[in-house]
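Notes to accompany the following structure.
Keep in mind it's a predicted model, so treat the numbers as computed, not measured. Residue numbers start from 1 in every chain, and the chains themselves are labelled A, B, ... in the order their sequence lines are given, proteins ahead of strands.
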2 protein chains.
Amino acid sequence: MQRSPDIDDAPSLATLGPAARGVVRALLLGGPLTRAELARRLGLSPASLTKTARPLLVSGLISEGAALVSEQRGRPGAPLVLDAARHQFIGVKLTADEVFAVRADARGRVDVSQSVQIESTEVTAVVAEIVAIVNEIGGDHRIQALGIGLAGEQTRFDDTVRRNHYLGWDQVPLAQLVEEATGIPTVLSGDARALTAGVQWSGPGKGMSELAVLTVGVGIGLGIVLEDKVLSGPSGLVGMIGHHRISDSGPLCELGHRGCASSYLTTAAITAAIGVPHGRVDIDLAQGCALAADGDPVARRVLADAGRALGVIIAQLVNILGLPAVILAGDGLELLSYAEDSMQAALAEHLDPVARRPKVVAFTSGFDEWARGAAVVACQWLLDPPRHRYTRP
Amino acid sequence: MQRSPDIDDAPSLATLGPAARGVVRALLLGGPLTRAELARRLGLSPASLTKTARPLLVSGLISEGAALVSEQRGRPGAPLVLDAARHQFIGVKLTADEVFAVRADARGRVDVSQSVQIESTEVTAVVAEIVAIVNEIGGDHRIQALGIGLAGEQTRFDDTVRRNHYLGWDQVPLAQLVEEATGIPTVLSGDARALTAGVQWSGPGKGMSELAVLTVGVGIGLGIVLEDKVLSGPSGLVGMIGHHRISDSGPLCELGHRGCASSYLTTAAITAAIGVPHGRVDIDLAQGCALAADGDPVARRVLADAGRALGVIIAQLVNILGLPAVILAGDGLELLSYAEDSMQAALAEHLDPVARRPKVVAFTSGFDEWARGAAVVACQWLLDPPRHRYTRP
DNA sequence: CGCTATTACTTGACATGGTGAACGAAAAAG
DNA sequence: CTTTTTCGTTCACCATGTCAAGTAATAGCG
């Protein structure tokens, strides 16, 4: 080819074979790597890497960097460099009253983010809002894929919104609708799954093959990673941990459960529990934490109870699945400031005596993390090796 | 070694390539199948099946049966038949005081079983006992592989016994020791994992891609199947559910937990809970159930509480993992007779409102089911596609 | 300086497992 | 007897991966 590869001239990741995708994935996760190192990580022979890397090099998708200063004895390897910024993705977090979108590169680094309130949850209106924000945020960039995260029962790399309580939708082929309007390949994802994918791809869980992401905020969410894959379950109904009973006594949740996780941990539950004894209904979580900081016994107790609930849930997860790490996220994470001790105590108490204590990490992030996760899902979707299913003509 | 070229001359399953293994696995699970049906189940083209089946046919590993009476319109397919009985496996369940072994075919059908008490848990003594029982039970049959199940933290297709509380072992290369003494390829497995494999391969969970097996007896065990694979976790520590707290009040378990699962569900806990109020220490589970049948209020209450504990655990599993089915097993299962109602009630109460209610199946079986599971693991191990990891010379 | 050990990469022959397209075979339906 | 439908085969071809042998570049060392 004569002309130098223009910036948007690189082939789409979707056209690559499974072997090349594996290399791209490893380069995205591991920065520049030599062929030898790639071969080791992917469990392939050096010969395979020579063969797989060549077409990627000639197509301009990756390039060969200067050899590093050698620490080894032998011939230094030539690092293969993948410019992640040349592969842009858009992630959308869809709720019943807002569309939040980010544009991120293949490593999940966010470039732009934007949000818009929506008035109607009617399908065509929502699709129009998504299309508008995607076009705006996409700008001139070529977008490889679009991921949409929403609360509900989505399976892995889904395309249809099944019965969705929040939006009032049922069997809406949202991916197809958006794809037709934007021309960008689109995939749906449960929001907890998306957040978890983001955390594991390029967040605090990067490189961990097994972990759970537990979110607190309006509700309680859970995403589980096993063997490097985010669990989706056959029906997409996974991680419904919000109403696990923590104790026999305790507050009531909105479903009438006494002492369930939601009754201890949702932001509404915490602010109510702190506000009511003080005769105040307008307290928010920050104020509640401030009260605890001032030594207010009610706030202290409520947050300690919340921490205890967190600890119990973490212990259950680790007992059942043997997870080495649990990451806490969500906008209700503020509560941890005065809940961490009781969380750790409850974790220690409820962990099985032979289970290993997991690493518990608090991951403070903005709301865009949900949309970023959706972008990561879109990227993982493109890189997912086509699952070799013959379909008869 | 010289062998008469008779029926046992078929090639070992271990020599097959991944494609052929897939066909064999499908034939083991699905009885005789035509090439067309195999192609559909494996997601392959008809051409692939012709190619893959041929060497299996000429080697005699499978044969072509007579065409079935046709219900379809077109040409009837020729079913491919695999004689599972020609592939024998041995499964061993190892405890601190007993070695229990079965010989089963590749479909997990048990032919012979035998057990022996062991006096010493010294490694060489135990290995000798295993070798003796394997040789005896193996007879003249060619044994494809040997699986050993034991309580402890074994990873998937393990070969070393790590720190094992029951046997007092640490870092014992048991698989290698037995393999050297018997000449049979040997693999280790956690006992819950083995039981679960047996249940899903050819037990009541046959064909289910997602399920959990919950055992009650001396302890509480848990095995989880996700996407057709039994979960093992990175460290082999999975399913440590025995000390999950069920209620704040309740009996004490041997670790001092009040109201944990073990305190409600182990056979010892139940018999003690029934026996003590009656001033009897020698009650066994059957007698306890008999008392309940006679209307004894203590026994009724204890069994109802046990059922409630079961229901809570099942609900937790289903909430977290979205499992469509849970299978109950173990020698303590007798308790279900007067515990099922409370179990169902607790399950309904603790299940998340949006989660789907799982099928709960009681699977009554003998102790040989544990060893049978180990034999199934051995078979699955042989059929596991060599996981394509290049190892440098 | 040149030799050796070590590590990185390439080359080409080959194996495996997969596909599509064209075709032949056997049954039911009409 | 023809059509339809489904099953199975053949053959050319592709993608991925290995092995064995060789080339390339570096550090260490006499």
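Among the atoms of the strands shown, only primed sugar atoms or phosphate atoms (P, OP1, OP2) are found under 4.0 Å from some heavy atom of Ala78(A). Residue contacts shown for Leu44(A) are limited to sugar-phosphate atoms, with no base heavy atom under 4.0 Å away.
Nucleotide dG28(D) holds its C1' atom 19 Å from the CZ atom of Arg75(A), rounded to whole Å. Distance Leu38(B) CG to dT9(D) C1': 16 Å, rounded to the nearest Å. For the pair Leu33(A) CG and dT7(C) C1', the computed distance is 16 Å after rounding to whole Å. Computed from coordinates, the Arg40(B) CZ to dG8(D) C1' distance equals 12 Å when rounded to whole Å. Put simply, CD on Gln72(B) is 11 Å from P on dG8(D), counting in whole angstrom units. Atom CD in Glu37(B) sits about 8 Å away from atom P in dC7(D), given to the nearest Å. Rounded to an integer number of Å, the gap from CD of Glu64(B) to P of dC7(D) is 14 Å. Lys51(A) places its NZ atom 11 Å from the C1' atom of dA15(C), with the value rounded to the nearest Å.
Among the nucleotides dT19(C), dA25(D), dA5(C), the one closest to any side-chain atom of Tyr390(A) is dT19(C). Comparing atom distances between the Arg73(B) side chain and each of dT4(D), dC9(C), dG17(C) picks out dT4(D) as nearest. Minimum atom distance to the side chain of Thr50(B) is reached by dG8(D), of the listed dG17(D), dG8(D), dT23(D). Considering only side-chain atoms of Ala36(B), the nucleotide from dC7(D), dC19(D), dG20(C) that sits closest is dC7(D). In this structure, of dT9(D), dG20(C), dA25(D), it is dG20(C) that holds the atom nearest to the side chain of Ala47(B). For Pro76(B), counting side-chain heavy atoms from C-beta on, the closest listed nucleotide (dA27(C), dG18(C), dA24(D)) is dA27(C).
Applying the 4.0 Å criterion to OP1 and OP2 of dG17(C), one finds that Ser48(B) has every side-chain N and O outside that range. OP1 and OP2 of dA8(C) both lie 4.0 Å or more from every side-chain N or O belonging to Thr34(A). For dT10(D), one of the phosphate oxygens OP1 or OP2 lies less than 4.0 angstrom from a side-chain nitrogen or oxygen of Arg54(B). The phosphate of dT16(D) has neither OP1 nor OP2 within less than 4.0 Å of any side-chain N or O from Arg21(A). OP1 or OP2 of dT10(C) lies within a sub-4.0 Å distance of a side-chain N or O belonging to Arg35(A).
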_Thr15(A) vs Ser12(A), side-chain hydrogen bond (donor to acceptor under 3.5 Å, both in side chains): CA-CA, chis, key distance, verdict_ = CA-CA 6 Å; Thr15(A) 64; Ser12(A) 158; 5.4 Å; no

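Defined by atom type and a distance below 3.5 Å, a donor-acceptor pair is missing between the side-chain atoms of Ser189(A) and Arg156(A). Between the side chains of Arg162(A) and Ser235(A), no donor-acceptor pair is found at a separation under 3.5 Å.
Nearest-nucleotide assignment on DNA chain C puts the 5′-proximal partner with Gly17(B), out of Gly17(B) and Ala67(B).
At least one side-chain heavy atom of Leu82(A) sits less than 4.5 Å from a side-chain heavy atom of Leu28(A).
With hydrogens and angles disregarded, no donor-acceptor distance shorter than 3.5 Å links the side chain of Arg35(A) to the backbone of Ala47(A).
For the residue pair Thr186(B) and Glu179(B), the shortest heavy atom distance occurs at N-OE1, 3.3 Å.
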